[in-house]
Amino acid sequence: MAQRRLLVTAALPYSNGRLHVGHIAGAYLPADIYVRYLRQRGDDVRFICGSDDNGVAITITAAKEKTTPQDVCGRYRARQEADFDGLGIRFDIYGGTHSPECVELHNRISQGFFLETHKKGLFTKKTTKQLYDAQAGKFLPDRYVQGTCPFCKHGGAYGDQCEDCGRSMDPLALIEPRSTITGSTPEVRETTHWYLRLGEFEARLKVWLESKRESSGDEPAWREATLNFALGQIKASLPERAMTRDLEWGVPVPLPDDPDAAGKVLYVWFDAPIGYVSFTARYCERADGDWKAYERWWKDPACRIIHFIGEDNTVFHALTWPAMLMAEGSFQLPSAVVVNAFLNERGPDGAMLKLSKSRMGDDSALWIEQFLKGYDPDPLRYYLTSIAPENQRGAFEMREFLARNNDELVANLGNLFNRTLTFAKKYFDNKVPEAGTLADVDHELLAALPAAFERIGHQIEHFHFKAALADLMQVARSGNQYFDAKQPWAQRKTDLAGCGTTIHVCLQMIRALTTLMAPFLPFSATKALALLNVPADGALAWDPASARLTAGHPLGEPEVLVKKLDIPE
RNA sequence: UGCGGGGUGGAGCAGUUGGCAGCUCGCGAGGCUCAUAACCUCGAGGUCGCAGGUUCGAGUCCUGCCCCCGCUACCA
């Protein structure tokens with residue numbers, strides 16, 4: 001397959017909190033596996049991510065922590081970047097929509113995007129009544145108003161919906177409304193905003209989404225749940241959505257001649273996906289010295305754009321964002337939006353618990369920061385991939401994590417490395433023995449390796465990461481089966497050359513496994529190269545021919561590849 | 001009410017165009033000893049939510065029903 005050009009993005013984390021295992025399982029780990037694989041294949045890839053720093057929630061966190069929005073997003077952004085790094089999730093750029101490095105370019109590109117859409121007349125300017133907190137000096141998002149439900153008279157109803165009777169409502173209908181920010185009684189004020197008429201894109205979106213049901217060329221089909229959900233929304237008709245907000249924190253609405261635009265910013269969901277573009281531009285500026293080179297990725301159909309997101313982002317990435325791109329007109333549409341469901345935590349009693357800031361304590365091991373203090377990243381990458389919520393929700397369970405590390409990663413994959421390497425050390429002078437005369441079983445195992453590259457690569461190409469990992473483990477298992485069937489420990493005494501053949505074949509297998517595991521377990525793959533004494537440079541190319549050892553090659557010092565973890569009683 | 005997802009051996013899940021019900025873990029019994037008591041073999045265990053229908057044949061298609069979870073926040 002020829003070299004391809006791909007731009008891969010992972011959802012922008014909102015920079016008012018830390019990352020937990022659910023974030024990682026949802027968008028970032030699958031994206032990282034995909035990108036690592038593409039790079040091993042030799043494709044030209046950019047991997048883009050960064051923090052989503054704008055919006056009202058940041059300002060509220062800032063108020064709560066008695067600091068500035070800039071401080072909040074700067075602090076959490078740095079924390080998130082460190083967490084990603086610790087897990088081996090390596091972006092080409094980790095931008096930030098309000099980070100010092102990116103904000104200027106981000107604002108410029110976002111405003112250009114808005115203006116182009118505005119020029120085409122695709123916004124409707126509309127004045128509506130909204131609740132205003134005079135004490136806080138800001139309009140209140142629906143969710144920040146609480147009062148008595150006009151339908152069931154329940155006391156704790158929110159401005160958009162009553163938790164008790166489940167009915168949704170207009171916040172103006174709430175009885176005795178209160179601002180949840182200051183506790184004061186809000187007043188009704190008029191405000192003007194720009195609404196994107198999503199309805200005008202329904203037909204085009206529908207055709208586009210329907211075309212994603214089948215794979216075309218080597219572009220895989222989208223997940224069915226994603227398409228059903230998005231198409232269901234279209235069927236129910238897409239509303240006008242306000243693309244501006246009354247707020248001081250964000251990208252200013254670029255209409256200086258319109259007094260109604262004063263003091264307003266772009267809706268955070270309008271500028272966030274544009275962050276993918278502006279971070280790409282910032283990276284191009286850094287790498288190529290020309291920010292405009294981003295067009296090579298975003299406006300050239302020869303490049304393929306893949307977005308990895310969690311399920312809550314489906315509406316924005318499968319509908320709103322493509323509609324924005326259609327509206328603006330000069331960008332290409334994403335090739336794929338890869339959506340994972342949520343990951344929950346399984347409680348001791350088997351109950352499904354949501355991963356949430358409010359429920360999890362600060363020192364919960366499910367925060368990445370905490371997790372990395374106790375464990376290596378690869379076991380987590382393994383476990384999260386093996387339970388990846390690709391089709392339905394999954395659940396994290398600490399005991400299961402430990403058990404699967406020991407019973408699968410250590411016992412199967414790690415053990416195959418260890419028994420092969422220690423055997424070579426003990427009986428073959430720590431060198432790769434001659435292949436010798438190959439019997440059918442030996443041929444079969446060697447022939448299975450290129451097939452595994454093909455198969456696992458195909459699974460990754462199609463975003464079936466869980467299946468790809470299971471396949472990898474099956475390959476390792478077949479190695480253990482081969483080892484047992486050949487009984488080199490017995491061969492050694494009767495047929496030393498045959499024993500050499502066995503170990504030669506096993507070494508070829510673990511060498512191939514090193515390359516095959518690299519997208520999922522990058523740290524272990526690096527360590528495996530050291531154990532095999534193979535120079536890292538170019539060693540992980542996704543190519544069975546280059547993942548081969550020559551007879552006589554000296555090996556490194558044997559050492560355990562994956563550590564066993566203690567399971568508390 | 002509506003929309004979307006799901007209900008498969010003890011647990012967690014796969015099941016593409018309908019064709020003898022699979023995988024991992026766990027469990028039981030053997031084997032092996034190179035290996036982090038790791039590995040290998042065999043086995044037990046399922047009326048595929050319920051009831052109908054189409055078909056030579058359905059977990060897989062159609063109809064009706066039941067149950068669980070989202071569609072609201074911190075959030076992927």
Side-chain angles (χ1 to χ4, degrees), chain A residues 10-14 16-17 19-30 57 60-61 142-144 157-163 166 168 180 221 224-226 228-233 235-236 308-315 339-344 346 350 352 354-360 386-395 397 400 403-404 406-408 410-412 414-427 464 466-467 469-471 473-474 477 479-492 499 502-503 506 558-565:
Chain A
L12 306 187
Y14 200 61
N16 73 338
L19 297 169
H20 55 59
V21 292
H23 296 108
I24 302 306
Y28 308 101
L29 182 54
I60 287 168
T61 303
D142 297 349
R143 197 66 201 176
Y144 292 103
Y158 288 93
D160 51 352
Q161 194 187 35
C162 172
E163 307 270 282
S168 52
T180 60
E224 209 179 317
T226 308
N228 288 346
F229 180 79
L231 286 162
Q233 298 291 313
K235 214 159 137 194
F308 283 82
I309 60 166
E311 61 176 318
D312 61 330
N313 276 343
T314 307
V315 167
V339 183
N340 267 358
F342 280 149
L343 188 72
N344 291 318
R346 199 185 316 281
M352 294 286 253
K354 288 191 178 190
L355 297 175
S356 72
K357 279 181 203 175
S358 47
R359 191 183 63 75
M360 286 156 57
S386 73
I387 61 166
E390 289 174 5
N391 295 310
Q392 55 187 298
R393 296 191 172 184
E397 194 180 350
E400 193 191 18
R404 293 184 74 148
N406 293 352
D407 299 335
E408 298 178 19
V410 172
N412 180 10
N415 183 232
L416 179 62
F417 272 78
N418 198 231
R419 67 198 303 204
T420 301
L421 290 167
T422 52
F423 203 103
K425 161 96 172 171
K426 252 191 214 167
Y427 302 114
H464 298 151
K466 198 198 273 201
L469 183 63
D471 199 327
M473 295 305 279
Q474 185 50 50
R477 194 163 295 113
N480 278 315
Q481 287 165 348
Y482 169 84
F483 200 112
D484 271 64
K486 294 293 298 275
Q487 304 189 359
W489 60 88
Q491 274 185 308
R492 182 176 66 84
C499 178
T502 302
I503 296 306
C506 285
E559 200 184 307
V560 160
L561 181 66
V562 190
K563 277 195 296 249
K564 213 164 174 180
L565 299 171

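Convention: sequence-line order gives letters A, B, ...; per-chain numbering from 1. When reading the values below, keep in mind they use all heavy atoms of this one structure, side chains included, and skip hydrogens, waters and symmetry mates.
Between the P atoms of B/rC61 and B/rG6, the separation comes to 11 Å (whole Å). B/rC48 and B/rA37: their P atoms are spaced 42 Å apart (whole Å). Distance check on atom P: B/rC75 versus B/rC69 gives 24 Å, rounded to whole Å. Nucleotides B/rG64 and B/rC25, compared at atom C1', are 38 Å apart to the nearest Å. Nucleotides B/rC68 and B/rU60 have their P atoms positioned 22 Å apart, rounded to a whole Å. Comparing the C1' positions of B/rU24 and B/rA14 gives a spacing of 10 Å, expressed to the nearest Å. Taking atom P on both nucleotides, B/rC3 is separated from B/rC65 by 12 Å, rounded to a whole Å. For the P atom pair drawn from B/rG70 and B/rG9, the interatomic distance equals 22 Å after rounding to whole Å.
Side chains of A/H23 and A/P13 form no contact here, defined as non-hydrogen atoms less than 4.5 Å apart. Side-chain contact between A/K563 and A/V410 is absent, with no heavy atoms from C-beta onward closer than 4.5 Å.
Summarising the geometry, the separation between CD1 on A/I60 and C1' on B/rC75 is reported as 15 Å, rounded to the nearest angstrom. Whole-Å rounding puts the A/E311 CD to B/rU72 P distance at 12 Å. We find that OH of A/Y28 is positioned 11 Å from P of B/rC75, with the value rounded to whole Å. Per the geometry, CG belonging to A/D312 stands 10 Å off P belonging to B/rC74, to the nearest Å. Whole-Å rounding puts the A/Q481 CD to B/rC40 P distance at 6 Å. Between the CE atom of A/M473 and the P atom of B/rG22 there is a distance of 23 Å, rounded to whole Å. Going from atom CG of A/D471 over to atom P of B/rC13 covers 20 Å, rounded to whole Å.
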For salt bridge (Lys or Arg N to Asp or Glu O under 4.0 Å), just list the numbers for A/K564 and A/D407, CA-CA rounded to whole Å, side-chain angles, deciding distance to a tenth of an Å, and then say yes or no. CA-CA 9 Å; A/K564 213 164 174 180; A/D407 299 335; over 6 Å; no
Going through the checks in order, is the side-chain contact (heavy atoms from CB on, under 4.5 Å) test met by A/V562 and A/F417? CA-CA 10 Å; A/V562 190; A/F417 272 78; over 6 Å; no
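Pair assignment for B/rG4 gives B/rC69, based on Watson-Crick or G-U wobble hydrogen-bonding distances that are each under 3.5 Å. Using Watson-Crick or G-U wobble geometry with both donor-acceptor distances under 3.5 Å, B/rA38 finds no partner in any strand shown.
Put simply, the side chain of A/N313 never gets that close to the backbone of A/A11: no donor and acceptor are under 3.5 Å apart.
In this structure, A/P558 and A/T422 approach most closely via the heavy-atom pair CB-CG2, 4.1 Å. Pairing each heavy atom of A/P488 with each of A/F483, the nearest pair is CD-O, 3.2 Å.
Between A/K466 and A/D471, none of the side-chain N atoms (NZ, or NE/NH1/NH2) sits under 4.0 Å from a carboxylate O, so this pair counts as no salt bridge. Note on A/E311 versus A/R393: salt bridge recorded, some NZ/NE/NH1/NH2 to OD/OE distance being below 4.0 Å.
For A/R477, there are no salt bridge (charged side-chain N to carboxylate O under 4.0 Å, His left out) partners at least two apart in sequence or on another chain.
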Show the distances under 3.5 angstrom between N or O atoms of the protein and N or O atoms of nucleotides 1-11 of chain B.
| unit_1 | atom_1 | unit_2 | atom_2 | d |
| --- | --- | --- | --- | --- |
| B/rG5 | OP1 | A/N228 | ND2 | 2.6 |

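Among the atoms of the strands shown, base atoms are found under 4.0 Å from some heavy atom of A/L355. Among the protein residues, A/P13 comes within range of the sugar-phosphate backbone only, with heavy atoms under 4.0 Å from sugar or phosphate atoms but none that close to a base. Looking at heavy-atom distances under 4.0 Å, A/L343 makes contact with a base. Backbone-only contact: A/A411 has heavy atoms under 4.0 Å from sugar-phosphate atoms and none from a base.
Remark: A/R492 qualifies as a cation-pi partner of A/Y427 under the 6.0 Å distance and 45° angle criteria applied to the six-membered ring.
Mapping A/G394 and A/G17 onto RNA chain B by nearest heavy atom places A/G394 closer to the 5' end of the strand.
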When you check every protein heavy atom under 4.0 Å of nucleotides 25-36 of chain B, what one-letter string (B, S, -) results, 5' to 3'? SS----BSSBBB
